[in-house]
Amino acid sequence: MSPWIAFKDGTARIWFHKRLIVWLYLANLVFAAVLLFPLRKLVSEISRTDLADEFVSGFQIDLFVDFWAQHSSALKSLAFSAVGLGILYLFINIFLTGGIVASLAAERRVSLRRFFYSASRYFWRYLRLFVLLAVVVGLVLAGYKLWLDGLVDNLRKDSTTDVASFLWRALAVTFVLVFVSLIIMVFDYAKIRTVVDGRRSVIVAACVAFGFSFRRFLRTVTLFYFNLVIVGILFAIYLIVENQFSNATTTSMVSLFVVQQIFIVSRIWMRLSFFATQMAFYCAATEVLPSPSPTETEPVPQASNEAGANI
């Protein structure tokens with residue numbers, strides 16, 4: 001299967017499981033509401049000080065220092081809340097990912113109950129995969145710092161212009177980002193194999209996923225970066241559109257809010273797209289059928305089956 005056909009088949013699968021978008025959007029709203037709760041008191045305190053005007057007309061660090069001296073306990077509490085909510089978001093994200101991949105693998109529409117069942121079923125395996133991913137990325141960064149960072153610094157020192165020095169640094173950062181993105185791609189396939197093949201050992205799943213990706217390197221990388229480029233385009237469009245609005249009028253603020261919600265939905269779609277398109281490619285390449293969901297009623301559309309061939 002070519003990357004383009006895998007992308008079309010994955011898109012059809014997302015559309016078939018479009019209720020996932022609604023569930024993930026609602027989960028995003030709930031978490032955003034929880035995230036804003038600890039900010040209410042602090043924002044209320046800021047609004048009663050001169051610092052509020054400075055945020056609009058021009059920020060001055062002296063005012064912030066005074067505000068920190070008066071409200072340091074609230075700011076520290078906010079920082080701890082942010083760390084706690086960040087950890088909570090990480091666990092929720094891992095939990096939801098299990099439900100996402102399992103639902104996309106189902107040949108029938110998945111109920112919310114089934115979604116949460118699948119999420120809880122794969123949570124610990126996906127948590128171990130995340131830990132393994134963090135270890136691998138940490139080793140890569142440590143290896144770069146140990147073996148390549150000194151070489152890059154020497155090349156920058158030998159550069160005759162500031163532009164050449166900047167390009168060496170940019171090249172090094174790009175190399176690390178590309179390498180890490182490929183690792184993330186491999187672990188995406190590990191998550192897919194964990195569900196489709198029913199694997200319990202995350203190390204074996206990661207190793208087999210690496211072999212699968214390496215043997216089909218050009219197609220897997222093309223598919224992954226095709227999705228990544230779309231994500232980049234969406235972010236660019238959002239930034240351009242966002243700059244067209246101001247907070248001067250109610251209409252402008254409401255319009256900006258609508259644009260932001262559309263952007264959130266598009267991000268959710270692309271999150272599903274990575275898994276759906278890579279799953280379509282994996283199932284076609286290995287001639288493995290996705291695991292069916294025993295609780296649903298309607299089969300996947302025939303058009304998706306034709307596009308996926310062996311799915």
Side-chain angles (χ1 to χ4, degrees), residues 3 6-7 59 61 64 79 82-83 85-87 89-91 93-94 97 126-194 202-240 242-243 263 266-267 270-271 273-275 277-278 281-282:
F7 183 83
F59 185 78
I61 192 64
F64 180 77
V83 172
L85 288 171
I87 295 174
Y89 176 80
L90 175 62
F91 280 97
N93 184 66
I94 295 172
T97 301
Y126 275 26
L127 180 60
R128 296 198 301 271
L129 273 172
F130 173 79
V131 173
L132 183 60
L133 171 63
V135 170
V136 173
V137 172
L139 290 175
V140 169
L141 296 179
Y144 169 79
K145 187 68 176 178
L146 183 62
W147 292 306
L148 293 180
D149 193 47
L151 175 61
V152 173
D153 285 340
N154 290 334
L155 291 172
R156 293 183 65 195
K157 291 177 182 177
D158 294 338
S159 301
T160 56
T161 63
D162 292 337
V163 174
S165 176
F166 170 78
L167 290 177
W168 278 118
R169 175 56 67 186
L171 181 63
V173 172
T174 302
F175 172 79
V176 172
L177 291 177
V178 170
F179 201 83
V180 170
S181 69
L182 294 178
I183 294 174
I184 293 174
M185 180 194 73
V186 170
F187 275 83
D188 281 350
Y189 283 106
K191 294 172 184 175
I192 292 170
R193 295 191 71 112
T194 298
V202 297
I203 296 178
V204 173
C207 292
V208 176
F210 173 77
F212 173 84
S213 303
F214 185 78
R215 290 193 301 271
R216 302 163 180 84
F217 184 78
L218 183 59
R219 287 179 291 172
T220 54
V221 170
T222 300
L223 180 59
F224 179 81
Y225 278 104
F226 185 69
N227 280 294
L228 198 61
V229 167
I230 294 177
V231 172
I233 292 174
L234 288 175
F235 270 94
I237 292 174
Y238 171 73
L239 292 176
I240 293 173
E242 184 188 37
N243 288 332
F263 177 67
S266 67
R267 285 196 301 110
M270 288 312 302
R271 182 184 180 188
S273 180
F274 276 97
F275 289 117
T277 57
Q278 290 175 130
F281 179 77
Y282 169 74

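For reference, positions follow the sequence shown, starting with 1. Treat the numbers as computed from the prediction; the structure is a model and nothing was measured.
- In this structure, A209 and V186 approach most closely via the heavy-atom pair CB-O, 3.4 Å.
- Pairing each heavy atom of S213 with each of T220, the nearest pair is O-OG1, 3.3 Å.
- To the nearest 0.5 Å, atoms CZ (R193) and CG (L129) are separated by 12.5 Å.
- Across every non-hydrogen atom of A205 and A190, the tightest pair is O-CB, 3.8 Å.
- A donor-acceptor distance shorter than 3.5 angstrom exists from the side chain of S266 to the backbone of F263, with no hydrogens or angles considered.
- Rounding to the nearest 0.5 angstrom, the gap separating the CG atom in D149 from the CG atom in L141 is 11.0 Å.
- Taken to the nearest 0.5 Å, the OG1 atom of T97 stands 11.0 Å off from the CG atom of L127.
- Here the OH atom belonging to Y282 is positioned 15.0 Å from the CZ atom belonging to F275, to the nearest 0.5 angstrom.
- We find that D153 and R169 are joined by a salt bridge, their nearest charged nitrogen and carboxylate oxygen being less than 4.0 Å apart.
- Counting only heavy atoms from C-beta outward, the side chains of D188 and F224 approach each other to under 4.5 Å.
- With a 4.5 Å cut-off on side-chain heavy atoms, F274 and M185 do not count as touching.
- The shortest heavy-atom contact between K191 and Y126 is O-OH, 2.8 Å.
- Summarising the geometry of A6 relative to L223, their closest heavy-atom pair is CB-CD2, 4.1 Å, with the distance given to 0.1 Å.
- Between the side chain of N93 and the backbone N or O of Y89 there is no donor-acceptor pair closer than 3.5 Å.
- For R219, the salt bridge (Lys or Arg N to Asp or Glu O under 4.0 Å) criterion is met by no residue, not counting sequence neighbours.
- At a threshold of 4.5 Å between non-hydrogen side-chain atoms, the residues F235 and V231 count as touching.
- V178 has its side chain within reach of Y225: a pair of non-hydrogen atoms, C-beta onward, lies under 4.5 Å apart.
- Among residue pairs with one or both ends in residues 140-192, those qualifying as ring pair (Phe, Tyr, Trp, His ring centres under 6.0 Å) are Y189-F212; sequence neighbours excluded.
- Within the 3.5 Å criterion, the main-chain N or O of Y238 finds no donor-acceptor partner in the side chain of E242.
- Taken to the nearest 0.5 Å, the CD atom of Q278 stands 11.5 Å off from the CZ atom of F7.
- Using a 4.0 Å cut-off between a side-chain N of Lys or Arg and a carboxylate O of Asp or Glu, R156 and D162 do not qualify as a salt bridge.
- The environment of I203 atom CD1 is sparse: at most 12 non-hydrogen atoms of other residues, nucleotides or ligands sit within 6.0 angstrom.
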